[in-house]
Amino acid sequence: MDEKYFAQKIEKKWQTRWAARSTFEAKIDDQKEKFYCLEMLPYPSGKLHMGHVRNYSIGDVLSWYKRLQGFNVLHPIGWDSFGQPAEQAAIKQGVNPREWTENNIDEMRKQLQSLGFSYDWSREIAAHRPEYYKFDQWFFLQMLEMGLAYRKDSEVNWCPQCQTTLSNEQASGGVCWRCGSQVEKQMRPQWFLRITNYAEELLQDMSQIEDGWAERVLTMQRNWINKSKGAFVEFRVQSSEFRVKVFTTRIDTIFGANSIVVAPEHPLILENFDSFSDGVRTKIKEIKVEQATPKDYDEESEKDGVDTGLKAVNPFSNEEIPIWVGNYVMMSYGTGAVMSVPGHDERDFEFAKKFDLPIRQVISEPHLVHEHHTMQSLGLEQAFTAKGILVHSDYWNGKESKDAIKEMTHHAETHGFGEGATTYRLRDWGISRQRFWGAPIPIVYCDSCGAIPVAMDDLPVELPDSAPFTGIGESPLAKVDDFVNTTCPKCGEPAKRETDTMDTFVDSSWYYFRYCDPHNSSMPFASDVVNYWMPVDQYIGGIDHAVMHLLYTRFWTKVSNELGLVEFTEPAKRLLTQGMVVAESFYSKEKETYVFPDDVTIERDESGKVLGAKLAEDGSRLRVAVEKMGKSKLNGVDPNDMISIYGADAVRTFSMFAAPVENELVWQETGIDGAVRFIQRVWRYVYKWKDVIGKSNDRIGAGGSESADLLKAARYSDSAKKLRQKTHQTIKRISENFESGQFNIPVAALMELSNAMYEFKVDPEAADDSDIIAVREACKSLILMFAPYAPHVSEELWEVVTGSDIGILESGARFPIADEKVAKEDEIEIVVQVNGKVRARIITSSEASKEELQKLAIQDKKITEYTDGKEIVKIIVVPGRLVNVVVK
RNA sequence: GCCGGAGUGGCGAAAUUGGUAUACGCACUAGACUCAAAAUCUAGCGGGCAUUAGCCCAUGUCGGUUCGAGUCCGACCUCCGGCACCA
């Protein structure tokens, strides 16, 4: 056996063995507790980036840990293989999107395998294959039957030059990515899923998962759904039958309404448009165009609007107020009209300031009520948005907001101009895409029967193998006559297929079900199999998916539950949201592009701090920036190169050690040497002790089976005792870290353990039995705890220590368990503070009582120097930690 | 703009959840080994003053609560993620 650590060689060896032995294939086993560990599946871009490495390393660490604890672990992987990049490659390079995608999958599979991830490859799935997307279509038809899928007109980005629809990304900055034309909005009929039916459940069921999901994710989802209780109120339009309906959560502020602001496409405006003056009409058209132009989010759009001259009547005060058209009111949101209360709403305040509209205060802070009650108007510096006491509100004066909201809503209801209501900001999920590379929506349009679903037995509706990819005109799919032309499933007459395909979020909404039963051809999955494995015990993915994907997938689970397919209503018990991995990159203003360190001359000061950067090619200055990996075409660091230089174990270990998993990580390679050195240190240590701790030594029992009696019976020297103490302290610490999802600290703890092993200065030749037992215990514990990070080298060293090539998992080895008695320190250091400042340290028994500690502290010479001549006010004693003497 | 986060040495970070700030590692410096280099080992490594065993300052900024604050509260600054057709 080679005694030098050579990563590439042992990694290949163990990857081959695991595959040959099907080590990681999961089977249903009622004798064992199951653990479903799932990482978000990748889009097959063709190249792994460090964000992937980090994500999948976390999952692999956890999978190994759970296997070592005896769980029946399901750890699958697959491909989210529909999406725009394949279609863009088809347009730009003329390749076939399916071939392009399959090639990318082959490439990325190789890379994942070279990292030695413990996947059950027999369950691999890919969204673009008919055997998968057949069931996207199946689910769609089920939802159609349930009344959850429907069709309505909705906006898309439209390039008038290319005569094609564009994604938001393709329309960024409001111009077409291809030709640079101004992008417009266009209405077209599209399919939607009624996620809004589940708004309340999506909120309520958060109680099932709040222990396992990060609070920040649930908060974001809650705010996205944005439930608000309030009331609809109708304002009569003066000298007209028209009533404008608004929604407000603050009906208590209605006496402060100075105007009604409506969207430019509000029915009232459409109806009265011809009666407006030229100036008003021009302004309304401008606002309409502004709203129809896609904007970047960071563009701050200034409030704009125009007084239409129409008047509305406040149903509470009978006051006549003007009706404005405003650029901040959208027809697609709410009722398309708001009542403007500048005194108590920030947006309305800003609008009123800009157009010099009256601002009235009708809510006051309790202690100011008297003053405000008698004053006509107040010069508010900013909107007062808190609740309070009503003033200048006629009959309602003096009431608290909370009561006024109830009573005023009731008043509106009994007088027929309003009603209490709960609204949600969440909108239905539009799934239609005017693109080729997605699952076709299984609908046929017949002139006489209308939109008819394809029969279940006729699924899948398969994508044709080729289509004209031009980037111009309608979707490529619509240009394939053989696909488009069909017969009506109902009447048999000639008819046309739906040519829109589904949003790729559909594929990723149920893939974790499919992993449980990946080869089922008649159903998406068998219920009993899914009910064994699901819900997912630990889901791991980027924080960038906190809202959309995770909300869609929760919705899908609820629908599946309603269909009787699954027993549960939430897909994942625990969610770990990994921080983004970003590449240190540089932005070139002239070229409007990001470049990465290879092409850049970086200027640093003596300490290595980056001062600036210049483009190597022409010396132009660059802005230092970071860019999310995978977002840009340039992915910064190539994991392939790193694996071939440092080995998979080192790359995995370092990606975990570099930062806590929830932090954002600016990737830099410096530091990975430390991981390599650590692996080599462990390697050398095990080899140094190999002959005395391995199986060949039968003086103290075989290396493969550690007997508790043996450990107990041995008489240890002080240094051996100290080594055992460190071993068990490390086990304890790492177990706690794993349970709480901290994966960086265990690496540091293992390094500390190995440092302690090196400090155990007994020569293997001169070691007595108890020394050997202590060393062997340390080595075996270290190997087992390191296996989740660096499985290849751990398997190899396990073979060295146990003398058997059966493999860690096959041998039945378990994650070590800490012995509290062994881990316990006899003596500890107690800090003594005077007024919170550390002034002395005393070494004492870890058992010392509060009284003993206090006594020791005030007798200490260093402490008396500070306390002499002063009055001791109090003494705080925290056993095991510190004593704080407070003096005056 | 709206929603959600983050900020600790030259760098990645740790801190038992209110109790010794800087564990572990990277980089760096010096020494040992070597003809030499690499590797390895030993020591040092937040800043300032003393260079002794001591003192003062430091966890983005400003303020507050507390015997005690990186941790809790308030305001601000900077950076990052999401915003419904990137996945």
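Below, chain A is the first sequence line, B the second, and so on; all start at residue 1.
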Same-atom distance (C1') from A53(B) to U34(B), integer angstrom: 40 Å
Heavy-atom pair with the smallest gap, counting every atom of Thr501(A) and Phe436(A): CG2-O, 3.6 Å
Along RNA chain B (nearest heavy atom to each residue), the more 5'-positioned of Met751(A) and Gln434(A): Met751(A)
5' precedence on RNA chain B between Lys862(A) and His545(A) (nearest-nucleotide basis): Lys862(A)
Chi angles and distances behind the ring pair (Phe, Tyr, Trp, His ring centres under 6.0 Å) call for Trp683(A), Tyr687(A): CA-CA 6 Å; Trp683(A) 180 276; Tyr687(A) 268 93; 5.1 Å; yes
Syn/anti state of G9(B) by chi, 90° boundary around 0: syn
Chi class for U17(B): syn within 90° of 0, otherwise anti: syn
Sub-6.0 Å ring centroid separation between Tyr789(A) and Phe678(A): no
Tyr132(A) and Trp510(A) aromatic centres sub-6.0 Å: yes
Residue pair Pro746(A) / Phe738(A), side-chain heavy-atom distance below 4.5 Å: yes
OP1 or OP2 of C85(B) under 4.0 Å from side-chain N/O of Lys185(A): no
Distance-only donor-acceptor test (3.5 Å): side chain Asn884(A), base C67(B): yes
Dot-bracket line, read 5' to 3' along RNA chain B, where crossing pairs take [ ] and | marks a partner on another strand, Watson-Crick or G-U under 3.5 Å: (((((((..(((......[....))).(((((.......))))).((((....))))..(((((..]....))))))))))))....
Spacing of Met206(A) atom CE relative to G4(B) atom C1', expressed in whole Å: 13 Å
Gap between atoms CZ and P, on Arg841(A) and G19(B) respectively (whole Å): 16 Å
